[in-house]
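All remarks here apply to the structure that follows.
Here the structure is a predicted model, which means the values were calculated and not measured. The analysis underlying the following values was restricted to heavy atoms, covering all of them including side chains, and did not include hydrogens, waters or symmetry mates.
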Amino acid sequence: MDARASSTISTMMDRILRGWTMARWIQLGFAGVFVFAAIANKEPIAWAAAAYFGIQAVFNVGCCATSSCASPSPTKVSSAAAPDGITFEEIT
């Protein structure tokens, strides 16, 4: 396995295992509810909905499809990155 493939696998595993926000937990909950409904009622539409919400939760992707708009990972802002002084100017 070359370094590029290893980096891709590492990035995907990082995306799956880290950054579980409240939105991802809600999506995972919806997926579970739809799986239960699909099993209980034998509904193929419920299976599709479970897959839709499950994939969104596990891979941390939104519904933008081609844009690949994964929600950003929360980052810590250090005090060194903050600007020293902010100047405001009133525009009339």
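The shortest heavy-atom contact between Val35 and Ala50 is CG2-CB, 3.5 Å. Residues Trp20 and Ala57 come closest through the heavy atom pair CH2-O, 3.6 Å.
Atom OH of Tyr52 and atom CZ of Phe30 lie 11.5 Å apart (nearest 0.5 Å). Atom CZ of Phe34 is separated from atom CD1 of Ile39 by 14.0 Å, given to the nearest 0.5 angstrom. Here the CD-OG1 distance, from Gln27 to Thr21, works out to 7.5 Å after rounding to the nearest 0.5 Å.
Taking Ile, Leu, Val, Met, Phe, Trp and Tyr as members and joining any whose side-chain heavy atoms lie under 4.5 Å apart, directly or through other members, Ile45 forms no hydrophobic cluster with any other residue.
With sequence neighbours excluded, the residues forming a side chain to side chain contact (heavy atoms under 4.5 Å, CB included) with Ala31 are Phe53, listed by chain and number.
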